[in-house]
Amino acid sequence: MKSIDVHIIIADQKMPVSTGVEFFNEIKDTLPDPMRILLTGYTDVEDIIDAINKGHIFSYIKKPWDEHELHRAINNAFEIYSTRKQLKEKILELEKINDELNRFIYSTSHDLRSPLMSVLGIINLSRLDNSVTDPNGYLNMIEACILKLDGFIQKIIEYYRNSRLDVEYEKIDFEHLIQECIGSFRHQNTSIQFQVNVDQPVDFKGDTFRISVILNNLISNAVKYQKPDESNPKVILSVKVEPHKATMSIEDNGIGILSEHLNNIFKMFFRSKNNNKPGSGIGLYIVKEALNKIGGTINVESKYGEGTQFEISIPNRNDFDS
């Protein structure tokens with residue numbers, strides 16, 4: 001049977017060595033694709049119903065069978081077999097196209113960063129040797145646009161890596177990790193006061209890359225969406241590590257999020273129109289996808305004009321390697 005392309009298998013419930021149900025059960029794993037039809041006299045109704053429920057057989061024909069009924073059953077089975085085969089081929093084709101598209105986006109993103117960094121280098125050189133007179137601040141505008149585009153490209157790379165890289169667990173020192181993340185954004189607004197509270201009495205194992213992506217995106221938003229007239233801008237980061245999970249909180253006193261937008265902020269390319277600094281619309285989507293990869297959850301509370309708080313729960317995988 002393995003050497004030929006079998007579409008439909010018909011077996012009698014009463015066979016010399018085993019029943020038809022037992023036979024179909026035996027070949028289910030080695031020959032999962034062919035449609036299976038059972039001929040029966042209703043002697044083992046419970047076995048037949050159980051086999052149908054488990055997907056071991058497609059249908060059954062009672063004996064003595066009607067020729068037209070058997071013909072219809074064979075035609076129906078073949079139609080389903082053909083449809084399933086076409087669906088599998090389409091899925092394989094879509095997976096291949098999706099993989100090629102992801103690789104193209106990743107490669108293109110890396111290639112785009114190189115000329116952007118070159119332009120930034122040229123801008124910095126022109127400032128150092130004072131070779132360019134720029135009374136209107138055009139160089140600053142160019143630099144801001146380049147940094148914005150580079151930020152978006154890095155988000156795409158983060159999305160690709162999150163979707164492709166395997167999850168790897170290692171010990172994480174949250175105090176060290178959070179300080180690293182803060183260091184990446186502190187220069188964007190030096191007036192912000194960062195308050196870090198880490199309670200880590202037990203070891204924590206998790207995916208460092210994805211947890212860093214989550215923290216970076218949330219801290220970036222907390223810095224970016226501060227109120228311009230706030231006299232005491234602050235970002236509060238709290239972590240509590242327990243044997244089975246770590247709970248993180250990122251709270252700011254920024255512009256906040258409109259209540260009608262809270263259900264949409266984790267959707268790809270959603271941009272809130274209630275601020276003058278629209279983001280890429282992909283950061284919080286990446287946060288959600290990264291949490292899905294490591295089995296975490298996220299909740300958000302926000303009051304427009306007062307601030308936003310994200311609370312995250314991530315499983316502690318420490319027990320898995322003990």
Side-chain angles (χ1 to χ4, degrees), residues 94 97-117 120 143-167 177-178 180-182 184-185 188-189 207-226 235 237 248 250-252 254-302 304 307-312 314:
L94 286 172
I97 293 171
N98 186 54
D99 183 64
E100 291 173 349
L101 180 60
N102 281 331
R103 290 179 184 276
F104 171 77
I105 292 172
Y106 183 70
S107 177
T108 304
S109 299
H110 269 287
D111 291 343
L112 284 173
R113 289 204 72 204
S114 180
L116 288 179
M117 295 303 100
L120 283 178
E143 183 181 42
C145 291
I146 291 172
L147 290 174
K148 184 176 180 180
L149 177 58
D150 184 56
F152 181 69
I153 291 172
Q154 289 191 63
K155 298 291 184 193
I156 295 174
I157 294 173
E158 281 182 358
Y159 169 74
Y160 176 87
R161 293 185 66 197
N162 175 63
S163 64
R164 292 289 168 176
L165 293 181
D166 292 333
V167 176
L177 182 62
I178 288 175
E180 273 192 346
C181 295
I182 290 174
S184 301
F185 302 101
Q188 295 181 11
N189 189 337
D207 189 299
T208 303
F209 163 68
R210 289 178 173 86
I211 293 175
S212 296
V213 165
I214 292 163
L215 286 171
N216 280 330
N217 277 285
L218 294 177
I219 293 172
S220 173
N221 282 357
V223 171
K224 182 188 298 182
Y225 299 118
Q226 280 291 335
V235 177
L237 297 102
M248 296 188 292
I250 297 93
E251 181 180 358
D252 66 68
I255 61 176
I257 304 169
L258 290 171
S259 58
E260 57 263 34
H261 290 170
L262 287 175
N263 291 330
N264 297 315
I265 59 174
F266 296 108
K267 295 179 180 178
M268 183 180 281
F269 299 130
F270 176 80
R271 294 179 177 90
S272 178
K273 297 178 181 179
N274 63 304
N275 61 75
N276 296 323
K277 296 180 180 179
S280 62
I282 195 174
L284 290 179
Y285 174 79
I286 293 172
V287 168
K288 185 69 172 176
E289 289 297 299
L291 283 167
N292 289 340
K293 283 282 187 178
I294 57 178
T297 60
I298 185 168
N299 293 303
V300 57
E301 292 182 4
S302 184
Y304 184 58
T308 303
Q309 180 178 4
F310 289 93
E311 187 167 299
I312 298 161
I314 300 173

Taken to the nearest 0.5 Å, the spacing of Asn292 CG from Thr297 OG1 works out to 10.0 Å

Intermediate values then yes/no, side chain to side chain contact (heavy atoms under 4.5 Å, CB included), Ile250 and Ile312: CA-CA 9 Å; Ile250 297 93; Ile312 298 161; 4.1 Å; yes

Can you tell me how far CD1 of Ile146 sits from CE of Met117, rounded to the nearest 0.5 angstrom? 7.5 Å

Could you measure the distance from the CD1 atom of Ile157 to the CG atom of Asp150? Nearest 0.5 Å is fine. 8.0 Å

Any Gln154 side-chain heavy atom under 4.5 Å of Arg113 side chain: yes

Any side-chain heavy-atom pair of Leu218 and Leu237 under 4.5 Å: no

I'd like to check Thr108 versus Ile156 (side-chain heavy atoms, cut-off strictly below 4.5 Å). Are they in contact? no

Pairwise distance OH(Tyr159) to CD1(Ile286) - rounded to 0.5 angstrom: 9.0 Å

Step through the shown structure and confirm whether more than 12 heavy atoms of other residues, nucleotides or ligands are within 6.0 Å of CD on Gln188. yes

With Asp99 via salt bridge (charged side-chain N to carboxylate O under 4.0 Å, His left out) - residues at least two apart: Arg103, Arg164

Pairwise side-chain contact, Val213 with Asn162, heavy-atom cut-off 4.5 Å (strictly under): no

Angle class for the Phe310/Phe266 ring planes (parallel below 30°, perpendicular above 60°, tilted otherwise)? perpendicular

Does some side-chain heavy atom of Leu147 sit less than 4.5 Å from a side-chain heavy atom of Leu116? no

Is any side-chain heavy atom of Ile298 closer than 4.5 Å to a side-chain heavy atom of Lys288? yes

Which heavy-atom pair separates Ser302 from Gly307 by the least distance, and what is that distance? OG-O, 3.0 Å

For a quick test of reading the model, state the closest non-hydrogen atom pair linking Ala290 to Ile214 and the distance between them. CB-CG1, 3.9 Å

Answer whether the closest heavy-atom distance between the side chains of Lys293 and Leu165 falls below 4.5 Å. no

Do any pairs count as a side chain to side chain donor-acceptor pair (under 3.5 Å) and have a residue in residues 211-223, sequence neighbours left out, and if so which ones? Lys155-Asn217, Glu158-Asn217

So, Ser107 side chain and Phe104 main chain: donor-acceptor pair closer than 3.5 Å or not? no

Using a 4.5 Å cut-off on heavy atoms from C-beta on, say whether the side chain of Leu215 contacts that of Ile182. no

Calculate, to the nearest 0.5 Å, the distance between atoms CG and CD1 belonging to Asp207 and Ile294 respectively. 6.5 Å

Could you report the tightest heavy-atom contact between Ile314 and Met248, atom names first, then the distance? CD1-CE, 3.5 Å

